[in-house]
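The structure displayed is predicted, hence computed values, not measured ones. Nothing fancy with the numbering, it's 1 onward along the sequence.
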Amino acid sequence: MLSVKELLNRAEALTDSVQLVDRILRAGLISGASDVHIDPQAHGVRVRFRIDGILEEVLRIPHAMQSALVSRLKVLSSLDIAERRAPQDGGFSWRMAGVGSMEPLDVRMATLPVRHGERVTLRLLQSGGRRYSLDELGLSDDNRKVFDEVLNRPHGLVLLTGPTGSGKTTTLYAAILELLKRSSPNIITVEDPVEYEIPGVAQAEVDSADKVNFSKALKSILRHDPDVVMIGEIRDKDSLDAAVKASLTGHLVLSTLHTNDAKSAAQRLVDMGLEQALLSSVLRLVVAQRLVRKLCPKCQAKTLEGACCSECGGRGYRGRTGLFELYSPSDGLSTSMKQDALNKIALGITTPAEVARVLG
């Protein structure tokens with residue numbers, strides 16, 4: 001199999017859009033990229049991969065190939081190739097040729113008209129891809145114990161907070177897998193979109209035609225006698241009301257919320273319409289999180305920064321782990337995110353520079 005560097009070097013000279021798309025996706029999959037950004041500039045089209053949360057430019061292609069490249073991706077995604085002045089969203093399934101045993105890649109595509117053409121962002125999700133357990137997320141022993149205790153409770157609201165790309169969905173899925181290991185609960189999710197399928201879980205996906213939206217799905221969920229409800233995001237008063245109703249009627253509810261830290265999530269719920277008197281009886285736990293890169297195990301023995309090896313592609317880092325902060329209205333704040341970061345630096349898992357990049 002060709003290396004990422006060889007794939008990208010050969011891609012620069014391609015004039016066939018089908019081959020070019022294939023090379024870009026192959027290189028993205030092999031390098032472990034989560035996203036591919038195709039960004040038209042004044043002097044050529046910049047292709048970047050997001051690897052372990054960091055964007056890296058990997059390829060420049062001439063403007064002459066831009067239209068054909070975008071059209072090929074639109075055809076795969078069943079989008080309108082004639083529409084170039086409005087954003088579009090779609091997706092397709094792609095399998096690497098010659099690797100029959102590998103799961104297909106689920107590619108989510110979004111276009112945006114910009115000054116020099118159409119910008120394309122591809123989210124790469126491997127179907128049936130690896131799902132992380134709670135043991136692998138980077139939770140400290142104390143934080144893991146708190147999380148486990150809350151998951152053992154039969155009802156209440158558990159929130160994951162943090163910015164986009166901080167690993168909230170991964171932690172939600174890990175919590176669901178943990179619940180499935182302990183018993184055989186009836187778990188129903190409402191997601192936008194479903195990123196990975198979980199055997200034994202009923203996963204409802206919000207659609208763009210609005211036949212299944214968050215409000216409609218959440219109103220229907222309680223009629224299906226769930227033990228656990230996972231809501232992809234509490235985004236408005238309707239979804240909050242549904243989550244509160246479910247938690248007050250004997251269900252464990254898992255969801256996400258966009259706040260900068262754990263403690264501010266409680267005030268955010270009040271601002272969205274939750275009565276202050278209900279807060280402590282509904283909200284069981286808030287977990288705020290960020291992702292930092294882990295030091296490459298091979299480079300770590302040589303130096304803490306900037307080492308190079310084939311395992312990490314010369315980055316000095318390989319993979320990511322979570323920084324966590326837990327808050328309960330009744331118990332107060334557990335380990336702060338800053339303290340969790342300092343502990344991981346002391347253990348040689350990450351570096352001060354990486355923590356400063358993520359936390360500021």
Side-chain angles (χ1 to χ4, degrees), residues 25 28-29 31-39 46-58 87 89 91 105-112 119-127 129-134 136-139 158-176 189 191-196 205-206 230-235 254-262 264-265 268 286-295 312-313 315 317-326 337-338 340-341 344 349-351 353-360:
L25 292 177
L29 183 58
S31 64
S34 61
D35 303 86
V36 176
H37 293 250
I38 301 171
D39 189 10
R46 177 175 62 174
V47 179
R48 294 185 291 173
F49 290 170
R50 188 177 293 280
I51 301 172
D52 288 337
I54 303 295
L55 276 174
E56 301 177 8
E57 183 171 337
V58 297
D89 295 284
L105 192 67
D106 186 11
V107 182
R108 308 290 171 92
M109 173 177 170
T111 71
L112 180 68
R119 193 186 198 285
V120 176
T121 301
L122 306 174
R123 169 64 58 90
L124 309 183
L125 301 168
Q126 194 163 345
S127 304
R130 183 168 181 244
R131 299 168 186 84
Y132 291 88
S133 70
L134 287 179
E136 300 172 283
L137 300 182
L139 286 161
V158 179
L159 290 177
L160 278 296
T161 75
T164 301
S166 60
K168 299 187 297 295
T169 301
T170 298
T171 303
L172 281 180
Y173 281 0
I176 288 174
T189 76
E191 304 173 59
D192 182 19
V194 172
E195 294 196 11
Y196 296 108
E205 183 169 87
V206 174
M230 193 269 267
I231 303 170
E233 179 187 350
I234 293 181
R235 54 178 62 183
L254 309 174
S255 191
T256 69
L257 191 69
H258 285 285
T259 61
N260 289 327
D261 55 48
S264 61
R268 177 71 189 281
V286 183
V287 181
Q289 68 178 82
R290 301 290 190 278
L291 291 176
V292 292
R293 292 179 295 171
K294 296 190 294 184
L295 281 164
C312 64
R315 299 177 185 91
Y317 297 93
R318 187 183 181 198
R320 291 190 287 177
T321 190
L323 301 180
F324 295 94
E325 177 177 279
L326 275 63
M337 193 174 294
K338 181 180 178 181
D340 195 30
K344 287 182 168 69
I349 295 171
T350 190
T351 64
E354 178 64 6
V355 168
R357 181 187 68 82
V358 174
L359 297 185

Checklist outcome for this item: Only one of L159, I231, L172 passes side chain to side chain contact (heavy atoms under 4.5 Å, CB included) with T256, and that residue is L172

Next on the checklist: Less than 3.5 Å apart, any donor N or O on the side chain of T169 or Y196 sitting next to an acceptor on the other?
Outcome noted: no

Checklist entry - Any side-chain heavy atom of T111 within less than 4.5 Å of one from D89? => result no

Checklist entry - Where is the tightest heavy-atom contact between A341 and L359, given as atom of each residue plus distance? => result CB-CD1, 4.2 Å

Next on the checklist: So D261 and T161, do their side chains get closer than 4.5 Å, heavy atoms only?
Outcome noted: no

Item to check | Any donor-acceptor pair under 3.5 Å from K168 side chain to L257 backbone | outcome: no

Item to check | Taking every non-hydrogen atom, the tightest pair across L254 and A175 | outcome: CD1-CB, 4.2 Å

Next on the checklist: If you compare all heavy atoms of G232 against all heavy atoms of S255, which two are closest, and at what distance to 0.1 Å?
Outcome noted: C-OG, 4.2 Å

Item to check | Side-chain ion pair, D52 and R293, N-O less than 4.0 Å | outcome: no

Checklist entry - Stepwise, does the side chain to side chain contact (heavy atoms under 4.5 Å, CB included) test hold for D35 with L122? => result CA-CA 5 Å; D35 303 86; L122 306 174; over 6 Å; no

Checklist entry - Can you tell me if K344 uses its side chain to pair, donor with acceptor, with the backbone of G322 under 3.5 Å? => result yes

Next on the checklist: Do T351 and L295 make a side-chain contact, defined as non-hydrogen atoms from C-beta onward lying under 4.5 Å apart?
Outcome noted: yes

Item to check | Trace of the salt bridge (Lys or Arg N to Asp or Glu O under 4.0 Å) decision for D39 with R46 | outcome: CA-CA 5 Å; D39 189 10; R46 177 175 62 174; 2.8 Å; yes

Checklist entry - Nearest heavy-atom pair of L291 and G165: which atoms, and what distance? => result CD1-O, 3.6 Å

Checklist entry - Under 4.5 Å between any side-chain heavy atoms of V107 and R123, yes or no? => result no

Item to check | Worked verdict on E191 versus E205 for side chain to side chain contact (heavy atoms under 4.5 Å, CB included) | outcome: CA-CA 5 Å; E191 304 173 59; E205 183 169 87; 5.8 Å; no

Next on the checklist: Quick check: do F49 and H37 have side-chain heavy atoms less than 4.5 Å from each other?
Outcome noted: no

Next on the checklist: Determine whether a donor-acceptor pair (N or O, by modelled atom type, separation under 3.5 Å) exists between the side chain of R268 and the backbone of H258.
Outcome noted: yes

Checklist entry - Could you give the distance from CZ (R320) to CG (L137), rounded to the nearest 0.5 Å? => result 12.5 Å

Checklist entry - Do R108 and D106 pass the salt bridge (Lys or Arg N to Asp or Glu O under 4.0 Å) test, and can you show the C-alpha distance, the side-chain angles, and the key distance before you say yes or no? => result CA-CA 7 Å; R108 308 290 171 92; D106 186 11; 2.8 Å; yes

Item to check | For F324 against G138, the heavy-atom pair lying closest together | outcome: CE1-C, 3.8 Å

Checklist entry - Distance-only, no hydrogens or angles: does the Q289 side chain make a donor-acceptor pair with backbone N or O of G167 under 3.5 Å? => result yes

Next on the checklist: Are M337 and R290 packed together at the side-chain level, in the sense that at least one heavy-atom pair is separated by less than 4.5 angstrom?
Outcome noted: yes

Item to check | Side-chain heavy-atom pair V36, L124 within 4.5 angstrom cut-off | outcome: yes

Checklist entry - If you take all heavy atoms of T171 and L134, which pair is closest and at what distance? => result O-CD2, 4.5 Å

Checklist entry - Salt bridge between E56 and R50, side-chain N to carboxylate O under 4.0 Å? => result no

Item to check | Salt-bridge contact R235-D192 (side-chain N to carboxylate O under 4.0 Å) | outcome: yes

Checklist entry - Under a 4.5 Å cut-off applied to non-hydrogen side-chain atoms, are Y317 and E354 in contact? => result yes

Item to check | Polar contact flag, side-chain donor to acceptor under 3.5 angstrom, T121-R119 | outcome: yes

